[in-house]
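Read the structure below first, then the notes.
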Amino acid sequence: AQAGTPALKADTKTPAPKAAVKADAKDPIRLGAIWDYAGPCYMLSESAVQGIKIAVDEINAKGGIIGRKIDLIVRDTEMKVDVGARETKDLILREKVHFLIGPCSSGVALAVQVVQAESKVLRITCMANTEAQVVDKFTPYVAQVVPNTYMEAIAATRFMNKKYPAAKKFCTIAPDYEFGRREEAAFAEEIKRLVPDSEILYQAWPKPGEKDFTSFITAIMAQKPDAVHSSLFGGDLVAFTKQAAPYGFFEKIPFIALYDLPVFVALGNDAPDGVMAFGRGCFFMDPNPKMMEFVDKYRKARGAYPDSWAVQAYDSVYLLKAAVEKAKSSDTEKVIVAMEGITLDSLRGKFTIRPLDHMGSVPCYQGVIAKDPNYPFKIWKDVVRVPGDQVWRSEEGVREVWKKTGVTR
Amino acid sequence: MEANTTDKKSSWLKSGWWLILLVAAGLAAPYVISEFYLLILGEALIMSLFALSFNLLFGHMGQLPFGQAAFYGLGGYGIAMLLTKYQMNFWLSFVAGIGLAALAGLIIGIFCVRLRGIYFSILTLAFGQLIFVIIYKWHDFTGGDDGIQGVFPPEFLKTSVSYYYFVLLVFCIAAFILWRITHSPFGYILKAMRENSERTEFLGVPIARYQLIAFVISAAFAGLAGALWAPFYRSVAPSTLIWIKSGEPVMATILGGAGLFFGPVLGTFIITFFHAYILGFTHFWPIIMGTLILIVIFFLPGGVLGFIKEKLDNRKKRGQQS
Amino acid sequence: MMIELKDIHTYYGTSHILFGISMHVEEGESVCLLGRNGAGKTTTLKSIIGLTPPKKGNIRFQGKEIAGRPPYRIARMGVGFVPDDRRIFPDLTVRQNILLAKKDREGSIWNLDRVYSLFPKLKDLDSNMGGHLSGGEQQMLTIARTLMTNPSLLLLDEPGEGLAPLVVKAMGEQLMEIKKLGVTMLICEHNVGLAMSLSDRAYIMDKGAIRYQGTISDLKANEEIRKKYLMV
Amino acid sequence: MSFDVLFNQFLSGIARGSMLFLVASGLSLTFGVLRVLNFAHGSLYMLGAFLTYSIWKWLLIPVYGFYVATLLSALVIAGIGLLIEYSILRRLYARGWPEQLLATYALILIITDTVKWFWGGEFLSIPRPEPFTKAVFLFGFPFPSYNFFIIILGLVLVFFLWWLVYKTRLGDIIRAAAHDRDMVSALGIPIPWLFTSIFVLGAFIAGLSGAVTAPYGSIALGMDIEIIVECFAVVVIGGMGSLPGTLLGSFIVGQVYSFGIMYKPELALAFIFMVMAIVLIIRPWGIFGRPER
Amino acid sequence: MILETKKLVKEFGKLLATNNVSFSVNKGDIHAIIGPNGAGKSTFFNLITGYHIPDSGKVFFKGKEITKLPSYRRCRLGITRSFQITSIYPKLTVYESILMALLSRHRVTLNLFSSADKYFREEVWSILEDVGLADQAHVNGDSISHGDKKRLELAVTLGTKPELLLLDEPTCGMSPEETESIMAMIKNLVDKKGLTILFTEHDMGVVFGIARRISVLHQGSMIADGTPEEVRASEEVQKVYLGGAA
Ligand SMILES: Nc1ncnc2c1ncn2[C@@H]1O[C@H](COP(=O)(O)OP(=O)(O)OP(=O)(O)O)[C@@H](O)[C@H]1O
Ligand SMILES: Nc1ncnc2c1ncn2[C@@H]1O[C@H](COP(=O)(O)OP(=O)(O)OP(=O)(O)O)[C@@H](O)[C@H]1O
Ligand SMILES: [Mg+2]
Ligand SMILES: [Mg+2]
């Protein structure tokens, strides 16, 4: 590392063996983590960076990638697009990073994408999952290891349809920004396919960070829908759940939303049993041995259970590792070529990076909320794992969008 | 009492040599500092322009607008949308962005200039938020939370250095125009309205109309800053016009010194560079900024530049006495 | 001794206004402070009440040092201040303005009825908003309000300003009565006739310093001083 | 739309309005007296919510722990208010309001970061306290009883503040001091003490409102910014510094939002600002506000 | 006749502050309005200058109706006022304050790009000499004495080159010496510059010293109007207002 560069260095809790350090001290691989330490993204970013750190430490302890150590530099975008763009430039110009991982907010991600693509630096996106990154605004300098909005919504819609095949009248409620908009658009598309005579009665768009959902709840209930699809998550979902419960909402109306670990931790016993949930892959969705091993490591490091964000961030580092090793170089163009079509044995099972749009065939998960005596919070039962290639937009579908947005490849 | 009133003309602020020095430094910058800091310098110039537009109303007219970010954002959105959605010429879009901000300034100004003091601030805040909400919620047209990406300047401005020179040029011209305005009869009337608007009305000045003109000018310059910004980082997003952004020129101006023309510029430079530097260490930047603001409010009441000027003036006075 | 000022120096920011003012007022006495515009009369009164605390010097009220204390403490000790710029509370009614200042202490003599009988006009305006009063009405209200604090020392800054001749006359009589009740007074007034009729002694100020002091009869006799500082 | 649906939407609006009133009344009170528009009011509210959570967690009193935690955290926030007034605002009264505004703006930055530091970015939640866990039925429609708790609390606060400001001598002093604190002081009334206590009361209200939102929704970073702008809307519509105005403003904003959500959910937020703009165009000083001149 | 009012009425709630007042001011006159406190003098001034709009009745200036014109338009026509409580520019210098008035009068205020310092130097200095403030030209408005503030206020007013000057208690709070000099100034202005002056005052010395015509208001109504002698002789005026003071 350059001495004196002001940067938030990965605090290496498990120092690499001395010998290894010496052997690989030449020319480390510089990895920039660009995250949004603000508002609703704060916690997600913290988890993700923790996941990245664990992976980096592991890799460095084993001698790094192609004999080179990884240097991690973390930057904060404050969840503002302008700061995001500037910090990206900073990472590229001043810190001279080879690769980027992040960020959380879709809006910031798109701003980062322009800058980073122009400077030809590869970014793995593992949380901001707007489809625009790989489809509408495709650039070869991005790869996605989180199910995108399209995949996620399609899988969740199919799950809901399987559980409630008779439901025809729907309402939706989603945070009013890129992510929510795209999820609900995909839901509308898929439900029309599955139930041609279905109807969406009403769509609510609370702003992200909304704390008072009563008016939304009564407005939805007034429509008497057969089911409600929602892409609320995090604190918003906590607030919604608590405010909806006294209305008997969950007894009356089948509901699906992004119920994952942090929401369960916050809600405790207030989490409604039997309600449908979708998620991106934490330990109770996919308790394979590799995942459980990671859980142990993570708990040792942070004293808490890892959530999906940490899992995906961890996988991102390993994807980079695999690609660099295959390319035998840290040269961006070579790594991109190597990455296309690569298959990674990740915490969430195997997935492949589709050469066309760099979308990973990462799985989507659905389940039903239930108590489990082994955990101090509720988790899922009846989990369904849908491999990404069953729900993603077909290659023709992607090309069609590209025709509209002017992407050529 | 005022021994040095007659030689006001020769006071250090007006003596000009330091301005030439600064411009020379600006021209030389690309050869001296790293690309990253050049970037920050460009950003500081743009934000300085934004702060100057704010200070036309605050320091010179005595009204504190808390919705400037709306005009700044509209400037950015104007250029971005015309450029990316309608494939218009860059320069036309650039001018249209400023025009859009000025137009919004006119419409909003009509309602705001009737109020004074904190009421004015709050109403501008409200209108700023209204514009923010519209842009934020009008997903199909403005891209909502995504914002708009791909706002590229013409080929010859694409490199950091060339765009930096472009920013420097625009900044110098704009700052000069603003400086002239504040020293013109119109600028004096603004000052009179700041001091006592009732009295000024009885001098035969239609204050509402003059405030409106100032409001539109200020909005146009804020729009100019926004239109410079969007191609700088190739994108705009609603967060450029949220009210928190409106707080930035307020901070910069009071930090640097609202009473002096270049106070806002100094304040912006301090904040921008400090910010760029600090973010490298920690993401607890706001707490540092907050403390900095409090320190300046308490210990440097006239802002940093005001403080420096006072020190220099005192030294001069002492020099004259001895 | 009711109040004693010793060599006080007062500033507005950096400008030096009072240059070592020394004066005193005996208990029960009534003293006027005369001088041109800008002589520093108002500043002297404000220095006493604590609105512009002196940077140097001592002020003793009934033997206790009060320089540098906050105004409300000085007022509570029994100093009442009638400012020249009125400072009515515009959002309060006349009655509320008056009652706000109410402070009962030993030997209190002032209450609502009494001030209303002093200024009958105010009684008619009882529930009007302070901000809507005419200039003269505000002046009456200011005096009434201060009297309600039952001060033992009354600082009057141009009490006659803006009052109709009839009212000035009535007020002069009332102030005489107040004086008879044993209230000590320090009066600044441009209406020299009114001032002299109320006072036992006079100080004349100019450019922030005391230029003359003496009894009213001495002053009346001293034409040179009167010409020089008072133009009468 | 049937009556019960509309009525229920109306009730939702009332609940929201009450919540807004709780927060906005403290803001309005401090502005009315100190003439300081406390930008950081929302931050104190957020801090109140976080503190309530921690105290509740720490107390571990089974059923009524929440109420104890609420009271304690409101008191702590009042104490923080005392600190802020005493160490920062007090020195700025003599200065212009822009500096005061900026100082409270600086406080937002500081408080938000401190919360981030102490509690991290996690969103927290407290279950609803007894006896407000269930719903009550109105015209056969369920209505969460906790919302009633908030509405009642709002009413109690309205009454208390109204009594304080218009029916007590202290209220007269408050209104007088709002205009000319030097003169009030010269009449023997201890101004510093008065200002401190009003600010502390405002902070207490902020802490209290933060505490009662804790079981209502979730506690998370950003809740301060989210509420403060809406509170500005409330206060501006009603007229700044006016208690009845704040009440009416909360009601209007609550209803506009609630029915906006029902009919045109995308624009519900924009409606609030439009109503605000319209009110200000017709009455620039708000419905119950008074022009300055 | 330069100013004329017809049946002016202004009510504040139940209070009839101006009750059917019709009167006129002749060009080149020094005209005083007197009356007890709260008689409605300031209100009447406010109606003439446009600070308030009357409930009914009309105001004419040089034969042109101005009842509903905004203040600044009246000012441009030639009506200017001073305030009962001095209203100056605290942080502008004396010189600048007067310059403001000149800029406004010469309508150069929309000039955005030339330097204001160049304008009207001589005229400003001559006004400064006229009112005796030349030695304080570069002192801020808030740090001159009460009396000087009054002068400054007059000076600013003169800068707008009014034809009709309304002065609300111009000598209020003035020492006898200052009062003398202000009176002399007013006389001088009328004689040399042909101004018309309408003023209110409680100092009978001043009123009877310079006024050529006096109107008396009482409870909103005009109860007397005439030369100083006629007014002094009026029993009613003596009773409600003068009480033997003049
Ligand atoms: N706020 C202020 N800032 C600076 N200087 C001031 C201020 N107030 C008064 N002065 C100056 O202090 C001096 C004394 O003023 P002060 O008001 O005490 O005079 P005064 O004797 O009361 O005059 P008057 O009879 O006109 O009321 C004046 O020269 C004035 O210019
Ligand atoms: N805005 C208002 N609202 C209600 N009443 C008002 C208002 N303005 C003035 N008044 C009342 O109108 C009456 C006339 O006031 P005005 O100021 O014209 O008196 P004035 O003749 O100038 O008296 P003074 O000699 O004391 O200055 C007073 O009784 C006053 O209380
Ligand atoms: Mg005085
Ligand atoms: Mg009057």
Side-chain angles (χ1 to χ4, degrees), chain B residues 1-11 14 56 59-62 114 173-174 176-214 216-218 220-221 258-261 302 306, chain E residues 49-51 70-83 86-120 135-144 153 156-157 159-162 166:
Chain B
M1 215 191 111
E2 296 257 317
N4 62 339
T5 43
T6 41
D7 57 20
K8 245 188 177 172
K9 278 251 123 81
S10 63
S11 93
K14 289 189 180 166
L56 179 71
H60 300 283
M61 195 176 85
R114 296 192 295 163
I173 295 173
F176 179 71
I177 293 175
L178 278 170
W179 191 84
R180 287 302 298 231
I181 290 177
T182 56
H183 288 79
S184 71
F186 178 77
Y188 268 51
I189 293 297
L190 293 189
K191 231 169 29 165
M193 293 194 295
R194 174 188 74 195
E195 293 295 317
N196 188 339
S197 59
E198 192 170 72
R199 177 77 246 189
T200 309
E201 188 169 4
F202 282 103
L203 293 182
V205 177
I207 35 178
R209 200 178 305 159
Y210 277 63
Q211 296 214 359
L212 184 59
I213 295 171
V216 173
I217 294 174
S218 165
F221 277 96
L260 293 159
F261 185 83
Chain E
T49 53
Y51 196 91
S71 303
Y72 76 91
R73 293 280 299 278
R74 298 179 197 226
C75 177
R76 287 187 173 176
L77 288 173
I79 306 181
T80 316
R81 72 170 300 178
S82 75
F83 288 78
T86 44
S87 176
I88 48 142
Y89 296 116
K91 290 278 175 277
L92 297 188
T93 64
V94 169
Y95 181 94
E96 285 170 330
S97 306
I98 296 171
L99 181 60
M100 292 298 167
L102 291 176
L103 291 174
S104 169
R105 166 156 62 86
H106 292 286
R107 307 279 162 82
V108 291
T109 44
L110 271 182
N111 192 334
L112 289 168
F113 299 110
S114 56
S115 170
D117 281 342
K118 294 193 313 240
Y119 287 94
F120 316 123
D135 53 337
Q136 305 200 63
H138 293 295
V139 181
N140 278 351
D142 62 352
S143 38
I144 58 177
E153 187 157 6
V156 171
T157 308
T160 64
K161 207 155 207 174
L166 290 99

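Chain identifiers are assigned alphabetically (A, B, ...) following the order of the sequence lines, protein sequences preceding nucleic acid strands; residue numbering begins at 1 within each chain.
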Part of B:Ile207 lying under 4.5 Å from any heavy atom of chain E | neither
Does any heavy atom of chain B fall under 4.5 Å from the side chain of E:Pro70, the backbone, both, or neither of them?
-> neither
Quick one: closest heavy-atom pair of E:Arg76 and B:Pro206, and the distance?
-> NH2-CD, 3.6 Å
Can you name the closest pair of heavy atoms from E:Leu102 and E:Gly159 and give their distance?
-> CD2-O, 3.4 Å
Pick one of side chain, backbone, both or neither for E:Leu103, based on which atoms fall under 4.5 Å of a heavy atom in chain B.
-> side chain
Indicate whether any N or O donor in one side chain lies under 3.5 Å from an N or O acceptor in the other, for E:Thr157 and E:Thr80.
-> no
Partner chain B: residue of E:Leu92, E:Thr160, E:Asn140 with the largest heavy-atom pair count (under 4.5 Å) = E:Leu92
Can you check whether B:Met193 reaches B:Glu201 side chain to side chain, under 4.5 Å on heavy atoms?
-> no
What class does the angle between the rings of B:His60 and B:Phe261 fall in, given that below 30° is parallel, 30 to 60° is tilted and above 60° is perpendicular?
-> tilted
Side chains of B:Leu56 and B:Thr182: closer than 4.5 Å at any heavy-atom pair?
-> yes
Examine whether an atom of B:Thr200 lies under 4.5 Å from a heavy atom of chain E, and if so say whether it belongs to the side chain, the backbone or both; otherwise answer neither.
-> both
Check whether B:Leu190 gets within reach of chain E through its side chain, its backbone, both or neither, counting any heavy atom under 4.5 Å.
-> neither
Answer with side chain, backbone, both or neither: which region of E:Tyr89 has an atom nearer than 4.5 Å to a non-hydrogen atom of chain B?
-> both
Honestly, the part of E:Leu99 sitting under 4.5 Å from a heavy atom of chain B is side chain
